[in-house]
Amino acid sequence: MMKIATAEGTKTILAKYPFMMKKKYGQNFLIDSHVLSKIINAANITKTDSILEIGPGIGSLTQELLEHANEVIAVEIDKSLIPILDDQFGHFENFSLINDDILKLNLQDILKDKSSIKVVANLPYYITTPIIMDLLESNLPFVSIIVMVQKEVADRIVAKPGTKDYGSISASIAYYAQTRIVANVPQHSFMPRPNVNSAVIELSLYKNPPVTLKNKELFFRVIKAAFSQRRKTILNTLANNFDIDKSSIKEILDLANIAENVRGETLSIMNFAVLANLIAER
Ligand code: SAM
């Protein structure tokens, strides 16, 4: 079978079917077999793995995933891609295809019997963050998430405290997973070429969270508050976002060993956890 993740393979598929690319669905298909190898190697797929693929497109990644994994569950929103995918992969016993919007689908229903799942995908960029946060918050047994995203988003996701890219998305994801950039991917690795650069990132999910929380919701509220006014000190952002007087916040910061004039962007999730736990006690 011809490799789909090449310019020739993609052109052949596109010529064979009456399919029109849709910009609104972020359709940029991977045509670079080196990048494909990097994704597959990072995912470290074995014959016992269940894979969730979001947005299979014409199957560039799917083709390789099916060779390596125990099963591949692919979710594609565009109904005009379904006959193509069925035609290419319908004969694989380890392939299931769901025609739905990943953000509306009840993943619990589909994945409830699985004991461990890896997500491997070249994501539609217009909904990268909601997809990743939904997966992380789902409580489903995801062990890793290896996804292609826009380069700027990748930089923000892997950013460490005190760097320019560090923000609420970096801190929120750091609660669930260790993150790294697997590969930077140029525009010419896709057909059609996107206007932005891309990167493959790996999120290795923690079995147990790296911090202990009294109130998880409060922890995420503290993170959100800390980055809501980036130029303000942590003392002022907490005072503006929580119904606690300034002198009590000063006490909390003192107990947390955090200077009152630092900005949220310098704080780690350990700092946010201590702050949230002290606020929870009030
Ligand atoms: N996996 C293919 C590849 O690597 O060439 C296609 C990747 S393309 C960047 C994104 C894919 O996600 C498209 O096939 C698009 O139709 C699909 N998609 C867009 N929005 C979606 C959604 N809400 N739910 C499921 N799939 C979606």
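Atoms within a ligand are numbered from 1 in the order they appear, just like the ligands themselves. The analysis underlying the following values was restricted to heavy atoms, covering all of them including side chains, and did not include hydrogens, waters or symmetry mates.
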- Looking at atom 2 (C) of ligand 1, what's its closest protein heavy atom, distance included? Pro56 O, 3.3 Å

- Query: Which bit of Leu123 gets closer than 4.0 Å to ligand 1, counting heavy atoms only: side chain, backbone, both or neither?
  - Reply: backbone

- Grab the two heavy atoms, one from Asn184 and one from Ala199, that are nearest each other, plus how far apart they are. OD1-CB, 3.8 Å

- Item | Nearest-0.5 Å distance, CD1 of residue Ile13 to CZ of residue Phe29 | 10.0 Å

- Message: I want to check something: taking the side chain as every heavy atom from C-beta on, are Lys151 and Ile181 in contact at a cut-off of under 4.5 Å?
- Response: yes

- Message: I want to confirm something. Looking only at heavy atoms, which of Tyr25, Phe29, Tyr126 is nearest to atom 20 (N) of ligand 1?
- Response: Tyr126

- Task: Report the nearest protein non-hydrogen atom to atom 14 (O) of ligand 1: residue, atom name, distance rounded to 0.1 Å.
- Result: Glu76 OE1, 2.7 Å

- Heavy atoms, side chains only, cut-off 4.5 Å: are Gln27 and Phe190 in contact? no

- Query: Applying a strict 4.0 Å limit to heavy atoms, is Asp101 in contact with ligand 1?
  - Reply: yes

- Any side-chain heavy-atom pair from Met21 and Pro192 closer than 4.5 angstrom? yes

- Task: Kindly give the heavy-atom pair with the smallest separation between Phe95 and Leu85, and that separation in Å.
- Result: CE2-O, 4.0 Å

- Glu71/Lys114 salt bridge by N-O under 4.0 Å criterion: yes

- Arg156/Asp165 salt bridge by N-O under 4.0 Å criterion: no

- Note on the structure: Logged contact type for Glu53 with ligand 1, heavy-atom cut-off 4.0 Å, is side chain

- Query: Relative to the heavy atoms of Val75, which atoms of ligand 1 are at a distance of less than 4.0 Å?
  - Reply: 25 (C), 26 (N)

- Ignoring angles and geometry beyond distance, decide whether Ile102 reaches within less than 3.5 Å of ligand 1 through its nitrogen or oxygen atoms. yes

- Message: Suppose we measure from atom 3 (C) of ligand 1 to each protein heavy atom; which comes out shortest, and what is that distance?
- Response: Asn122 ND2, 3.4 Å

- Task: Run down the list Gly26, Gly55, Ser60, Gly57 and name the one with the heavy atom closest to atom 1 (N) of ligand 1.
- Result: Gly55

- Identity and distance of the protein heavy atom lying nearest atom 21 (C) of ligand 1: Ile77 CG2, 3.4 Å

- ligand 1 versus Ala121: contacting region, heavy-atom distance under 4.0 Å: neither

- Message: Heavy atoms only, cut-off 4.0 Å: how does Leu30 contact ligand 1, side chain, backbone, both, or neither?
- Response: both

- Near Leu81, which atoms of ligand 1 are under 4.0 Å from a heavy atom of that residue? 14 (O)

- Just let me know how Asp100 lines up against ligand 1, side chain, backbone, both or neither, with a heavy-atom cut-off below 4.0 Å. backbone

- Query: Would you say the side chains of Glu76 and Tyr25 form a donor-acceptor pair under 3.5 Å?
  - Reply: no

- Task: With heavy atoms of Gln27 as the reference, note each atom of ligand 1 found under 4.0 Å away.
- Result: 13 (C), 15 (C), 16 (O)

- Item | Whether Asn236 side chain and Lys232 backbone form a donor-acceptor pair below 3.5 Å | no

